[in-house]
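Since the structure comes first, as structure tokens, the remarks are kept for the end.
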Amino acid sequence: MPAPIAIIGGTGALGFGLAQRWDRAGVPVVIGTRPGEHPPAPGLEALPYGAAAEHAEIVVLCVPFRSQSETLTNLRGHLRRGQLLIDTTVPLAAAVSGKATRTLGVWQGSAAQQAEEMAPPGVRVVAALHTVSAARLRDPDRRLAEDVLVCGDDDGAKRDAIALIERIPGLRGVDAGGLEHARIAEQLKALLIGIDARYRTQAGLRIAGLP
Ligand SMILES: NC(=O)c1ccc[n+]([C@@H]2O[C@H](COP(=O)([O-])OP(=O)(O)OC[C@H]3O[C@@H](n4cnc5c(N)ncnc54)[C@H](OP(=O)(O)O)[C@@H]3O)[C@@H](O)[C@H]2O)c1
């Protein structure tokens, strides 16, 4: 039995949507949740963040930007060299009561680069899944047909992340360059939130011209 994927913040909109889709695709998943904050997810194993991360080779971080740094500080003793950390964080201005169509400046350049700075040495950090709509993921009747930009400085880590993302039918992973490009992927989510509001939809991304 392969190690499960740990989804930190896996009771949330994005985390639970991913958990359901991967579970349906036969990928073993464990939900990381803060004790007492949420009832365990029905049908899926739920553990405190640290224990969930220790169980996994791949950890997907799905917490709000305002708690990204605290969560990674608390996870420091639980993450280990060689693990893949997929950061999905979008630093929306909504985190500080601003507009959801704007992003905050992050000193490191992006939320993903902040994650890399905070993760223990040897943890392979990749940024992905920013432009995927949680609402669409969570609707089992919605067929997905979209691209997921994957940014990171370790080609092997990006390949592993793309393979995992593509276990979800209808998602195609696209190598979008180094981790410094995560800033652009994160900002695209703010753009899509505005498009969602204007067109009353849940927009995604499709890159034309790929082989
Ligand atoms: N929603 C989307 O469509 C979408 C798409 C792409 C990326 N993202 C990114 O994914 C991350 C999660 O977004 P979301 O929409 O899933 O958020 P959400 O529904 O609020 O869920 C976030 C989860 O994070 C955990 N958490 C940890 N610290 C928290 C805190 N201080 N306050 C609230 N929850 C906290 C909670 O799980 P426990 O209480 O169980 O620990 C919660 O269920 C964000 O960084 C967001 O930018 C979201």
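Here, residue 1 is the first one in the sequence, and each next residue gets the next number. Just so you know, ligand 1 is whichever comes first in the structure, and atom 1 is the first atom listed for that ligand.
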*Does an N or O anywhere in Val90 fall below 3.5 Å from an N or O of ligand 1?*
yes
*asked:* Between ligand 1 and Thr89, is the shortest N or O to N or O distance under 3.5 Å?
replied: no
*Should Thr11 be counted as touching ligand 1, given the test is an N or O pair under 3.5 Å?*
yes
_Residue-level breakdown please: for Gln68 versus ligand 1, do any non-hydrogen atoms fall below 4.0 Å on the side chain, on the backbone, on both, or on neither?_
neither
*ligand 1 to Gly9 polar contact by distance, N or O atoms, under 3.5 Å*: no
*Would a distance-only check, ignoring hydrogens and angles, find a side-chain to backbone donor-acceptor pair under 3.5 Å from Ser67 to Val63?*
no
*Would the number of heavy atoms belonging to other residues, nucleotides or ligands and lying under 6.0 Å from CZ of Arg206 be above 12?*
yes
*For ligand 1, find out whether one of its N or O atoms is nearer than 3.5 Å to an N or O atom of Tyr49.*
yes
*Under 3.5 Å between some N or O of ligand 1 and some N or O of Gly12?*
yes
*Rounded to the nearest 0.5 Å, what's the gap from NZ on Lys189 to CG on Asp196? Could you check?*
6.0 Å
*Just grab all the side-chain hydrogen bond (donor to acceptor under 3.5 Å, both in side chains) pairs involving residues 161-172, residues at least two apart or on different chains.*
Asp147-Arg172
*asked:* Under the side-chain hydrogen bond (donor to acceptor under 3.5 Å, both in side chains) definition, can you give me all pairs with a residue in residues 111-131, not counting sequence neighbours?
replied: Gln68-Gln114, Gln108-Glu117, Ser110-Gln113, Arg124-Asp160
*Do any heavy atoms of Thr88 fall under 4.0 Å from ligand 1?*
yes
